[in-house]
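What follows is a short report on a single structure.
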Amino acid sequence: MVPRVMQRGVINNFLKNARANYSSLNASPLGIDGSCENNLKTETNILSKTLVKFWDKVTLKKCDNTLTLQIYGNPVRTPLGNSLSIPSNRVILAHMLKDEWSNVTKLSIKTHSLPLTSIVSRCIDLQLVSKPGTDPELLAKIGGGQDVISESLLRYLDTDTLLCFSPKSEYEGALRRAQDKIYLPILSAVESFLGKYSDLPVRLQLLDSDLHGLRGNRQSDSTRAAALKYLRSLNTWDLAVFEKTVLTTKSFICGIILLQNKTNDATKAMQMTMEDIANAATLETIYQVDKWGEVEDTHDVDKRDIRRNIIAAGIVAYRE
């Protein structure tokens, strides 16, 4: 058991480094989450539709056990109309949210700005609509609730980036060697991890281009059942973080790795930085760029966007 003081030290160091990395990636300050579309006139919805700054000052108000982001003395609201409030013990996250809104310097806002706001809004809305007796229309707006979202995320395990191995002949074999070195230990660790949620041994089905060609991939029913049981064990905040990570990396496995890194029982193979996760998810692109060169406004934009979202997800996942 790691002493609690040491746990806090590790987490605080992570948040300090993440904040620095996040600031460097967030040069053009709204990672608006398109999974929730509605016409409520909330601040986040207005911003996602107009992409125009309409405030000049942002404040934080402490009330009871929460910290609420406010503009003009009124709470900033999520896409479903809930106050953008977080537990008061998450002071660093609250100030990073405030920084996002405060550092928007231009009237014209880009769609990838405020990624922390996007994830936290999703966390809050999902938590509040997941309670029994919720209006079905609200569930539909958020994507169907936890069970539907979990079923949807499960599809990414079949086509997972980390389960697809390139031919050994490509890039003089360098890419395949890198995949074997990086992916195989991770996959073994994830099999053991998911095995905790199954009565049967979990074996992930790989898609080896040399053996399987271009056919599709599908995990066994027992593996899928274990993965689904894991998703159903997550609280709503962790599920929202997991969702953002999977949608960003196109990898169910990267979602597991990111969440496991906030615990004290992550195996060595899953002890990865946010940059490690981003590199694993984009390994093939890294080798393509190295061989053929970077396409301006494509590879460079994707690289920054992936890292921005992964770092933001990591910040929201970790407890202070």
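Starting from 1, each residue takes its place in the sequence as its number.
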So how far is it from [X] [atom1] to [Y] [atom2], rounded to the nearest 0.5 Å?
X	Y	atom1	atom2	value
Ile277	Thr245	CD1	OG1	7.0 Å
Ile253	Leu194	CD1	CG	8.5 Å
Ile310	Asp305	CD1	CG	9.5 Å
Asp210	Glu170	CG	CD	9.0 Å
Phe242	Asn235	CZ	CG	13.0 Å
Leu259	Leu239	CG	CG	9.0 Å

Validation row: [X], [Y] side chains within 4.5 angstrom (heavy atoms):
X	Y	answer
Leu207	Thr159	no
Lys291	Glu172	yes
Ile86	Trp237	yes
Val120	Ile124	yes
Lys57	Thr59	yes
Leu97	Leu116	yes
Arg232	Asp147	yes

Under the 3.5 angstrom rule, does the side chain of [X] hit a backbone N or O of [Y] as a donor-acceptor pair?
X	Y	value
Glu243	Ile149	no
Thr161	Lys250	yes
Thr223	Val202	no
Gln260	Met270	no
Asn82	Asp125	no
Arg307	Arg304	no
Asp276	Thr273	yes
Ser251	Cys254	yes
Asn261	Ile257	yes
Asn217	Asp158	yes

Non-hydrogen atoms of [X] and [Y] that approach each other most closely:
X	Y	result
Asp160	Phe252	OD2-N, 2.7 Å
Cys123	Val241	SG-CG2, 4.5 Å
Ile306	Ala278	CG2-CB, 4.3 Å
Leu163	Gln205	CD1-O, 3.9 Å
Asn309	Pro115	OD1-CB, 3.9 Å
Leu84	Ser121	CD1-OG, 3.6 Å

Scan the side chains in residues 178-188 for donor-acceptor partners under 3.5 Å anywhere in the protein, sequence neighbours excluded, and list what turns up.
{"from": "Gln179", "atom 1": "OE1", "to": "Ser166", "atom 2": "N", "distance (Å)": "2.9"}
{"from": "Gln179", "atom 1": "OE1", "to": "Ser166", "atom 2": "OG", "distance (Å)": "3.2"}
{"from": "Gln179", "atom 1": "NE2", "to": "Cys164", "atom 2": "O", "distance (Å)": "3.4"}
{"from": "Asp180", "atom 1": "OD1", "to": "Arg176", "atom 2": "NE", "distance (Å)": "3.2"}
{"from": "Tyr183", "atom 1": "OH", "to": "Ala280", "atom 2": "O", "distance (Å)": "2.7"}

Quiz prompt | Working for side chain to side chain contact (heavy atoms under 4.5 Å, CB included), residues Leu283 and Leu162 | solution = CA-CA 9 Å; Leu283 194 58; Leu162 273 62; over 6 Å; no
Quiz item: What residues, two or more places apart in sequence or in another chain, satisfy side chain to side chain contact (heavy atoms under 4.5 Å, CB included) together with Thr68?
Solution: Thr66, Gln70, Pro75, Ser83, Ser85
Practice problem: Using a strict cut-off of less than 4.0 Å between a Lys/Arg side-chain nitrogen and an Asp/Glu carboxylate oxygen, indicate whether Arg224 and Glu151 qualify as a salt bridge. | Solution: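 Salt bridge between Arg224 and Glu151, a charged N being under 4.0 Å from a carboxylate O: no.
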Quiz item: Same hydrophobic cluster for Tyr171 and Val289, using side-chain heavy-atom links shorter than 4.5 Å among ILVMFWY?
Solution: no
Quiz item: Does Leu175 belong to the same Ile/Leu/Val/Met/Phe/Trp/Tyr cluster as Leu211, with side-chain heavy atoms less than 4.5 Å apart forming each link?
Solution: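 Result: no, two separate clusters.
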Exercise. Answer yes or no: does atom NZ of Lys196 have more than 12 heavy-atom neighbours from other residues, nucleotides or ligands under 6.0 Å?
Key: yes
